[in-house]
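Structure first, then comments.
No hydrogens, no waters, no symmetry mates; every other heavy atom, side chains included, goes into these values.
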Amino acid sequence: CPPRIVMPCKIMRTALGVVAVVASRARPRRTRHLVDVGADDAPRLIGGGGDTSCDAAGDGPQHVRVRALFNSGSNYAMVELEAHEFPLDMRTSAEWTDARGCAQWKHEPLAWQRARCGLAANATGQDLLEDDDVWIVVSRHPLAWYLSMREHSYNLKCPAGEIAAPCLLNSLWAVHPYEYANMFDLYNEFYRDFAVLARRRPRNVVLFRYEDLVASREATLEALATAVCLASSATILKDDGGPATRVANGWRHPDCKAESCDYYHHVFERTVNETWRDEFEPGEIETICPLLEAALLEDLGYSCR
């Protein structure tokens, strides 16, 4: 500090120090990414038939449906899949009805769908699938998912501000809501059951991460095309590599430079660089992490701290 203004200067330094401490406590320290992209940056898939189990003639699935929890990027995934000619059946009630006449809801956990459709409670979900059905399941990091659920919880009703409180999931067709110990109990069950099913029926179920689609769009779509036994990826991906846009919701290709693409750049930054981590209050992450199944996170390629 300069002479004559030592005390004011020291006071200012102290104040700045307090502000810095408060700021450091308000935001979690970012030491590493919580989404493991692997050494080769390849999209991480669970299940999927791939070349080894596809028909010699290259016949692909007749019915492709997306499954995911709310706020997991399923709508964006549907836009991209449709733009790249995946045979998506999700636009009418008839397309959401299986061969037994039982409706399918993309946000419904497998256990509840089995019970509602009158199937054995101990079934694995394999009996919900026809041979030419494919479910593409979208996961999202549970911490990012929580922040979105905090803003728009849709059919999941949890006490406001209580992370570990019991929640009710209202299904479109169920008479009574489904009960969960907390919202992460739902997350654990939903993705654990689909991961198990993807390994038991790899030709019919593939699970991928929303983060991979945002960070490596074409590589992820190509991997999905191969995984679900569609024809050569060259015929699936459009030659011009053009954007899959849904103007009303602001989605744009990440290479777009126009001012109208700002929203996509925001999504890209928030997802790939994990800037959503700055939105947590002190202590929230420490409360959430023990509620998540460590084995499931490892399987999905996520970490919590």
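More than 12 heavy atoms of other shown residues, nucleotides or ligands fall within 6.0 angstrom of atom CD in Glu286.
Considering every non-hydrogen atom in both Ala219 and Pro43, the closest pair reads O-CG, 3.8 Å. Nearest heavy atom pair, residue Phe280 against residue Ile288, reads CE2-CD1, 3.8 Å. Residues Val35 and Glu274 come closest through the heavy atom pair N-OE2, 3.2 Å. The minimum heavy-atom distance between Ile136 and Leu81, with the atom names listed, is CD1-CD1, 4.0 Å. Smallest separation of non-hydrogen atoms from Ala227 and Leu45: CB-CD1, 4.0 Å. Considering every non-hydrogen atom in both Arg209 and Gly301, the closest pair reads NH1-O, 3.0 Å.
Taken from CG in Asp212 to OG1 in Thr271, the straight-line distance is 11.0 Å, to the nearest 0.5 Å. Here the straight-line distance linking atom SG of Cys167 with atom CE of Met183 works out to 5.0 Å at 0.5 Å rounding. Between the CZ atom of Phe190 and the CH2 atom of Trp145 there is a distance of 10.0 Å, given to the nearest 0.5 Å. Put simply, SG on Cys229 and CG on Asn204 are 9.0 Å apart, with the number rounded to the nearest 0.5 Å. Rounding to the nearest 0.5 angstrom, the gap separating the CG atom in Leu300 from the CZ atom in Arg44 is 7.5 Å. The CG atom of Leu69 sits 8.5 Å away from atom NE2 of His107, with the distance rounded to the nearest 0.5 Å.
Residues Ile46 and Val206 fail the side-chain proximity criterion, which asks for heavy atoms closer than 4.5 Å. Residues Val205 and Val134 are not in side-chain contact: their nearest non-hydrogen atoms beyond the backbone lie 4.5 Å or more apart. Looking only at side-chain heavy atoms (C-beta outward), Leu224 and Phe86 come within less than 4.5 Å of each other. Considering only heavy atoms from C-beta on, Asn170 comes within 4.5 Å of Pro177 through its side chain. Inter-residue side-chain proximity for Ser139 and Leu207 is flagged as met; some heavy-atom pair is nearer than 4.5 Å. Counting only heavy atoms from C-beta outward, the side chains of Trp135 and Val228 never approach each other to under 4.5 Å.
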Applying ring-ring contact (aromatic ring centres under 6.0 Å, His included), run through Phe184 and Tyr146 and close with a yes or a no.
-> CA-CA 8 Å; Phe184 298 100; Tyr146 163 75; 5.8 Å; yes
Test Arg270 against Glu279 for salt bridge (Lys or Arg N to Asp or Glu O under 4.0 Å), laying out the working first.
-> CA-CA 11 Å; Arg270 191 172 188 272; Glu279 299 174 29; 3.0 Å; yes
Apply side-chain contact (heavy atoms from CB on, under 4.5 Å) to the pair Phe70 and Lys106, showing each step before the final yes or no.
-> CA-CA 9 Å; Phe70 311 104; Lys106 75 173 179 176; over 6 Å; no
Check the pair Met78, Leu88 against side-chain contact (heavy atoms from CB on, under 4.5 Å), reporting the backbone distance first and the verdict last.
-> CA-CA 8 Å; Met78 289 167 59; Leu88 213 60; 3.8 Å; yes
Please assess Cys158 against Asn182 for the test side-chain contact (heavy atoms from CB on, under 4.5 Å), listing each intermediate value before the final yes or no.
-> CA-CA 8 Å; Cys158 307; Asn182 53 73; over 6 Å; no
How far apart are the C-alpha atoms of Phe208 and Val137, what are their side-chain angles, what is the distance that settles it, and do they pass the side-chain contact (heavy atoms from CB on, under 4.5 Å) test?
-> CA-CA 6 Å; Phe208 82 100; Val137 186; over 6 Å; no
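Side-chain contact, Ser72 with Tyr191: a donor N or O sits under 3.5 Å from an acceptor N or O.
Remark: Glu284 engages Arg150 in a salt bridge, criterion side-chain N to carboxylate O under 4.0 Å. Using a cut-off of 4.0 Å between Lys/Arg side-chain N and Asp/Glu carboxylate O, Arg67 and Asp193 are scored as not salt-bridged.
Side-chain heavy atoms closer than 4.5 Å link hydrophobic residues (I, L, V, M, F, W, Y) into clusters, and following such links, possibly through other members, connects Tyr180 to Tyr154.
A donor-acceptor pair under 3.5 Å is formed between the side chain of Ser153 and the backbone N or O of Leu156. Between the Asn71 side chain and the His152 main chain, a donor and an acceptor come within less than 3.5 Å of each other. Remark: side-chain polar atoms of Ser74 are not paired, donor with acceptor, to backbone N or O of Ala68 under 3.5 angstrom. Side chain of Thr226 to main chain of Glu222: a donor-acceptor pair is present (N/O by atom type, distance under 3.5 Å, no hydrogens or angles).
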What pairs of donor and acceptor atoms, side-chain ones from residues 290-297 against any protein atom, are under 3.5 angstrom apart with sequence neighbours left out?
residue: Glu293; atom: OE1; partner: Arg192; partner atom: NE; Å: 3.1
residue: Glu293; atom: OE2; partner: Arg192; partner atom: NE; Å: 3.3
residue: Glu293; atom: OE2; partner: Arg192; partner atom: NH2; Å: 2.7

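For the pairing with Tyr302, the side chain to side chain donor-acceptor pair (under 3.5 Å) check across Glu211, Arg140, His141 returns one residue only, Glu211.
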